[in-house]
Amino acid sequence: MLPFRYFYVGCLTGLLCLPSMAWAASSSTAPAYQDATLPIEVRVEDLLARMTIFEKVGQMALVERKHLSDVSDIRTYGLGALLSGSGSRPATNTVAAWSDMTSSFQAEAANTRLGIPLLYGVDAVHGQAHVEELTIFPHAIGLAATRDETLVYDIAKATAIEMAATGANWNFAPNLDMPHDHRWGRVYETYGVHRSTVMQFGEAFVAGTQYGLNGSPSAARVLATPKHYLGLGSMEFGTSQNPQYLIDQGMTAYNISRLQQEYAPPFAAAIDAGAMTIMAGLNSWGKKQVTASYYLLTKILKERLGFQGFVVSDWYGVYALPGTKYQDTVMAINAGIDMVMLPEEYERFVRDMIRAYQNGDISAERIDDAVRRILRAKFTLGLFDVSRTPVLSEQTLAAHGALARKAVAESVVVLKNERDALPLPVSLATTSAHTHQLLVAGSIAHDTGKQAGAWTIDWQGVTGNVLPHATSILAGIEATVSSSSKVTYVPDVTALASTTRAAVGIVVVGEAPYAEGFGDRHYPILPYEDILAITTLRPLVDTLVVVMVAGRPLLIEHELPLIDVLAMAWLPGQAGEGVADVLFGNVPSTGRLPLPWPLRSEQLPFRSGARTYDGTAPLYELGFGLTTSAVAKSSAAQR
Ligand code: BGC
């Protein structure tokens with residue numbers, strides 16, 4: 001029986017008051033849509049035919065869980081999907097608490113007349129790193145450096161398994177933006193600019209995430225979301241519509257053939273790999289936001305690329321359109337958005353949608369098309385048939401930890417290796433000339449929060465060693481060198497005596513976490529404290545190794561001559577040991593740059609991904625990287 005409030009709200013709008021009797025499902029036999037043996041399309045049509053306009057519109061709403069006025073609103077409005085925006089979590093940040101929270105949401109959905117389950121979305125872009133107990137893999141740019149498609153599949157699958165344990169069944173990943181401007185704050189979320197790599201990795205991520213869709217009932221069932229459609233990586237500097245940003249949420253100026261040639265192929269590949277949802281970007285194409293572009297969303301994506309799944313708008317993307325919220329809704333839905341990441345005003349959305357339907361501003365066919373696509377994804381996911389949340393064992397988590405370490409080791413790109421200083425000896429030599437064996441310094445040497453980057457616990461990430469199962473790069477080094485070797489951590493290089501001398505100095509430098517436009521920069525450079533660490537250690541050590549932990553190549557022209565070894569570790573996540581594995585030769589270095597490294601800012605943005613803006617040579621070309629051996633030396637590298 002329909003709860004009173006459900007009926008009441010429908011009537012309150014003054015737009016739709018169907019007698020509750022008409023909503024009652026047939027009780028004699030189970031409806032066709034509940035029959036798992038029937039083809040998905042049959043089930044979709046059966047369910048669609050049973051739905052009222054109010055129920056259909058509810059399916060099109062994606063709401064941030066914090067913005068539910070009451071959990072019962074899931075039932076009252078028949079909401080189709082919820083999300084945890086990055087950092088939005090239950091009071092205790094454990095798998096069990098997440099699972100309880102999502103189960104309580106699903107229970108509300110199960111109590112609606114038709115019992116349509118919810119999609120629950122999260123940004124598990126480098127593992128479900130928002131939950132303290134779960135695995136933090138390297139960010140996508142590091143995975144791109146590995147050139148290892150199987151690794152990407154394995155990580156996507158591991159992430160899906162961990163997500164499913166929390167009850168989340170929808171990952172807002174992979175990111176297929178190909179960034180041509182390193183000043184943009186989202187470079188690290190991408191697989192770089194090499195198109196065929198982006199295509200392969202996007203496919204691998206979709207396949208890995210959705211590995212369980214046709215599998216056993218105990219498999220994790222999670223949908224992937226290629227994003228952001230289309231051309232986000234080519235937004236122009238200084239065009240952001242957000243006054244706080246420089247590039248993000250800006251304008252793509254490419255013409256349609258260039259957009260189609262350069263940016264559409266990874267989405268086409270992801271569709272072929274089975275993607276059922278795609279997220280529209282917050283960028284504009286020329287003067288029009290992509291969210292309102294019928295041409296890009298319907299003509300190209302749905303008609304030309306044949307996408308049968310649903311298009312979800314990005315965070316507040318619909319209400320960011322010019323016009324009243326009613327007009328925005330009409331514009332976006334008619335352009336081809338099927339589900340709206342509101343993420344807040346769901347009551348208003350439902351009311352506006354019903355009004356638009358009654359006014360004839362949005363047709364019944366368009367609403368049916370949107371809901372059909374959403375239901376198709378839900379049936380494909382198996383949501384109606386399998387409800388159990390797979391349990392995560394200690395063993396599985398340990399295997400994922402090992403996978404994270406392997407990924408880090410494969411992602412490190414060695415850019416400079418003077419006198420073959422790498423690999424470093426695990427048994428450090430002591431000579432009378434030295435006061436120390438190995439000095440470790442730099443702002444990220446012992447900071448797992450910075451090492452993990454953003455989209456970890458919180459949207460803008462965390463700093464400090466606050467991640468319970470993460471290992472800092474310092475700790476990774478300490479665990480790797482022989483027991484007779486002494487590692488000295490120098491948190492403040494200004495405190496070092498001028499008489500200090502060491503065989504090796506390792507300085508871990510880079511960027512503090514940032515997400516989206518908060519990472520837009522005029523000049524992507526090292527912070528002053530890291531430049532100070534490099535210049536201070538240089539005269540005190542025989543071999544100076546600089547490990548960069550950053551979401552993008554930072555300008556390093558002036559510091560480079562001082563450095564013997566430069567290794568890019570991207571944003572490695574929880575496994576600092578993986579960096580030590582490469583430095584000390586447990587594994588050879590095999591990483592390669594997934595985007596070119598600029599010498600100076602005048603070279604930005606890169607044209608077509610790899611040619612500098614001013615035509616001069618970059619510091620390191622796309623694909624560059626040195627291979628070092630996996631055989632550790634027995635004594636300290638001498639300068
Ligand atoms: C980002 C998306 C993300 C969404 C949900 C937006 O701000 O642009 O990439 O998936 O938030 O957290």
Side-chain angles (χ1 to χ4, degrees), residues 61-67 80-89 119-131 139-141 156 159 163 166 168-179 184-191 202 205-206 209 222-233 235 240-242 244-250 252 266-267 270 275-284 289-291 310-321 332 337 339-344 346 453-461 513-520 551:
L62 170 56
V63 179
E64 210 294 324
R65 56 133 219 142
K66 269 197 317 244
H67 297 287
L82 298 181
L83 80 146
S84 269
S86 189
S88 172
R89 53 180 176 258
L119 286 173
Y120 197 91
V122 292
D123 289 277
V125 296
H126 66 139
Q128 179 35 322
H130 295 97
V131 186
H139 269 289
I141 197 72
T159 301
M163 278 176 63
T166 67
N169 53 24
W170 186 14
N171 194 355
F172 301 136
N175 182 315
L176 304 180
D177 305 334
M178 288 174 285
W184 185 34
R186 304 196 75 165
V187 170
Y188 66 87
E189 293 182 56
T190 77
Y191 295 126
F205 196 95
V206 170
T209 304
V222 175
L223 289 181
T225 315
K227 66 185 187 183
H228 304 86
Y229 180 88
L230 185 72
L232 214 72
M235 290 179 302
S240 179
Q241 286 157 38
N242 185 326
Q244 290 178 282
Y245 299 168
L246 298 170
I247 301 180
D248 199 39
Q249 300 179 15
T252 293
F267 286 92
M276 294 301 293
T277 76
I278 285 180
M279 190 184 292
L282 292 172
N283 56 325
S284 44
Q289 271 107 322
V290 171
T291 308
F310 70 89
V311 181
V312 60
S313 58
D314 199 352
W315 188 274
Y316 209 75
V318 170
Y319 289 160
L321 296 176
I337 296 291
M339 184 184 278
V340 179
M341 194 190 296
L342 288 154
E344 302 173 19
Y346 53 93
W455 304 95
T456 309
I457 308 294
D458 279 324
W459 182 40
Q460 298 294 325
Y514 52 78
E516 303 192 30
F518 289 106
D520 290 352

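Note that the structure is a prediction, hence the values are computed from the model and not measured. Each ligand, and each atom within it, is numbered from 1 in the order the structure gives. Numbers for residues simply follow the sequence, beginning at 1.
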Enumerated ligand 1 atoms positioned under 4.0 Å from heavy atoms of [X]:
X: Trp315; result: 6 (C), 7 (O), 11 (O)
X: Phe172; result: 10 (O)
X: Arg186; result: 1 (C), 2 (C), 8 (O), 9 (O)
X: Lys227; result: 2 (C), 3 (C), 9 (O), 10 (O)

- Under 4.0 angstrom from ligand 1, any heavy atom of Glu189?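 In this structure, Glu189 fails to qualify as a contact of ligand 1 - no heavy atom is under 4.0 Å.
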Rounded to the nearest 0.5 Å, what's the gap from [atom1] on [X] to [atom2] on [Y]? Could you check?
X: Asn283; Y: Ile247; atom1: CG; atom2: CD1; value: 12.5 Å
X: Asp123; Y: Glu189; atom1: CG; atom2: CD; value: 8.0 Å
X: Ser88; Y: His67; atom1: OG; atom2: NE2; value: 7.5 Å

- If we only count N/O pairs under 3.5 Å, is Trp455 in contact with ligand 1?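 Min N/O separation from ligand 1 is not below 3.5 Å for Trp455.
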- Message: Give me the nearest non-hydrogen protein atom to atom 7 (O) of ligand 1 as residue plus atom name, then the distance to 0.1 Å.
- Response: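 Atom 7 (O) of ligand 1 sits closest to the protein heavy atom Glu516 OE2, 2.8 Å.
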- Message: Suppose we measure from atom 10 (O) of ligand 1 to each protein heavy atom; which comes out shortest, and what is that distance?
- Response: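 Here the nearest protein heavy atom works out to Asp123 OD1, 2.6 Å.
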- Query: Okay, side chain of Asp520, backbone of Gly185: is any donor-acceptor separation there less than 3.5 Å?
  - Reply: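 Pair found, side chain donor or acceptor close to backbone of Gly185.
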- So which of Asp177, Asn171, Asp314 gets nearest to atom 4 (C) of ligand 1, if we judge by its closest heavy atom?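 The nearest heavy atom belongs to Asp314.
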